[in-house]
Structure formats: structure tokens, C-alpha cells
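The structure appears right after this line, and notes come after that.
As the structure lists them, so they are numbered: ligands from 1, and atoms in each ligand from 1.
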Amino acid sequence: MTEHLLKILIVGDGNVGKSSFVHRYVSGQFNKTYKMTVGVDFSVKLLHWSDKEKVRLQLWDIAGQERFISMTRIYYKGALGCVVMFDVTSSSSFSSCRHWKEDLDNKAMLPNGDSIPCILVANKCDLAHRAVSADTIDKFSKAHGFITWMETSVKDNKNVGEATRMLVQEILSV
Ligand code: GDP
């Protein structure tokens with residue numbers, strides 16, 4: 001049995017649903033949350049990925065960031081993948097995704113120097129008043145090198161597991 005330890009980051013503006021996403025994903029499972037003084041938080045979930053592989057996911061959520069801020073390299077160190085999240089009802093949270101992705105491309109590298117795989121997540125798709133169209137998200141996602149994008153609703157538990165699985169699959173295939 002092989003066990004992979006994967007550090008995954010969840011970034012995005014404040015209030016887009018990052019903490020709710022992590023909580024939804026890990027709840028009901030073995031879950032340990034550490035509150036760290038630097039304002040970063042990680043939770044752990046163990047996945048039985050296949051007959052021969054287990055995946056221990058460390059999900060790192062940045063706490064208390066209302067707007068994009070450039071993160072320190074320490075936060076990015078060792079990360080193998082990232083969820084870049086925005087709120088579909090907030091165009092400013094969507095605009096910030098460009099900065100989040102640029103910061104990742106500059107600082108979060110795989111040992112071979114490549115950028116880490118990132119999935120773009122459009123959360124709160126249960127809400128009717130959307131501020132960003134699917135077409136705009138799709139173009140942005142392709143132009144900025146995301147592996148793909150996905151709509152989620154943490155509230156309705158839509159695509160939370162699927163988005164994470166897609167990212168893990170990409171990480172393990174690299
Ligand atoms: P964070 O600051 O990015 O960690 O965001 P939070 O997880 O604290 O969520 C911010 C607010 O959005 C909270 O009131 C959540 O209950 C709400 N929220 C999170 N996900 C969803 C969702 O999918 N749909 C709706 N309608 N509200 C959500």
C-alpha cells in the first residue's frame with residue numbers, strides 16, 4: 001500500500017466559502033483542524049484512492065483574507081495543488097482569481113519547476129443572482145492555465161467532492 005501525502009491550498013477572497021468548503025469536505029471523516037497563529041489553518045482527510053493507494057490530503061485554508069494579498073513562500077512550500085475559489089455572485093472575487101493564480105505561478109512550484117495544478121471553483125452556484133457568466137469563467141480558466149473549472153455549492157453539497165477528486169487525480173498523474 002502506497003500512501004501519498006498531498007498538501008493542497010485553498011485560496012480566494014474572504015467570504016467566498018473556503019472554510020465552508022473544507023469543513024464540508026472533511027466532516028464526518030477523521031478530521032483534525034489546527035488553528036495556527038499565522039492565520040492559516042489545515043485539515044486532514046484520508047482517502048482510499050485505490051486498492052494500492054491511500055491519499056492523505058492536507059487542505060490549507062487561508063483565514064481572514066478579505067482581498068487578494070500576496071502570500072509568503074512558506075505558505076506555498078511543498079504544495080502540490082490548489083483550489084482557487086470565487087463566489088459567482090461577486091465579480092470582484094472573480095477578478096482576484098487572476099492575482100491568486102499569478103502569485104501561485106510565481107511562488108508555488110513543483111520540484112521540477114512547473115506550476116502546481118490548480119482548479120478554478122465557482123462557488124455559491126445555488127444562488128440566482130450570478131455576476132459572472134459560464135462563458136467568461138471558461139475563457140478565463142483556459143487562458144490562465146487552470147486544469148479545469150467547476151461550479152460548486154457548498155450549501156447544497158454540489159461538486160465539493162468532485163472538484164477535489166479532479167485535482168487529486170491531476171496531481172497523481174503528474
Ligand atoms: P471564507 O471566508 O472564504 O472562508 O468563507 P466562509 O466559508 O466563511 O463562507 C462565507 C459565507 O458564505 C458563510 O456565510 C457561508 O455560510 C456562505 N457560503 C459558503 N458556501 C456557500 C454556498 O455554496 N452557497 C451559499 N448560498 N452560501 C455559502
Ligand-side contact atoms (ligand 1) for residue partner D13, heavy atom cut-off under 4.0 Å: 3 (O)

Enumerated ligand 1 atoms positioned under 4.0 Å from heavy atoms of K18: 1 (P), 2 (O), 3 (O), 4 (O), 5 (O), 7 (O)

Check: R56 side chain, K45 main-chain N or O, donor-acceptor pair, under 3.5 Å: no

Contact (N/O only, under 3.5 Å) between G17 and ligand 1: yes

Atoms of ligand 1 close to V154 [distance to a heavy atom under 4.0 angstrom, numbered from 1]: 20 (N), 22 (C), 23 (O)

Element-labelled atoms of ligand 1 that are located less than 4.0 Å from some non-hydrogen atom of D126: 22 (C), 23 (O), 24 (N), 25 (C), 26 (N)

F146 and F140 aromatic ring geometry - parallel, tilted or perpendicular at 30°/60° bounds: tilted

Contact (N/O only, under 3.5 Å) between N15 and ligand 1: yes

Those atoms of ligand 1 less than 4.0 Å from some heavy atom in G14: 2 (O)

Residues E102, K107: salt bridge by 4.0 Å N-O rule: no

Test item: K124 side-chain N/O and S153 main-chain N/O as donor-acceptor pair under 3.5 Å: no

Backbone of F86 reached by a side-chain donor or acceptor of S90 within 3.5 Å: no

Contacting atoms of ligand 1, where contact means under 4.0 angstrom from a heavy atom of S20: 6 (P), 7 (O), 9 (O), 15 (C), 19 (C)

Candidates D61, T164, I119, N123 - the one meeting side chain to side chain contact (heavy atoms under 4.5 Å, CB included) with V83: I119

Under 3.5 Å: N/O of D61 near N/O of ligand 1: no

Per-atom contacts of ligand 1 with L127, taking only distances under 4.0 Å to non-hydrogen atoms: 26 (N)

Side-chain donor/acceptor of K7 to backbone N/O of G81, under 3.5 Å: no

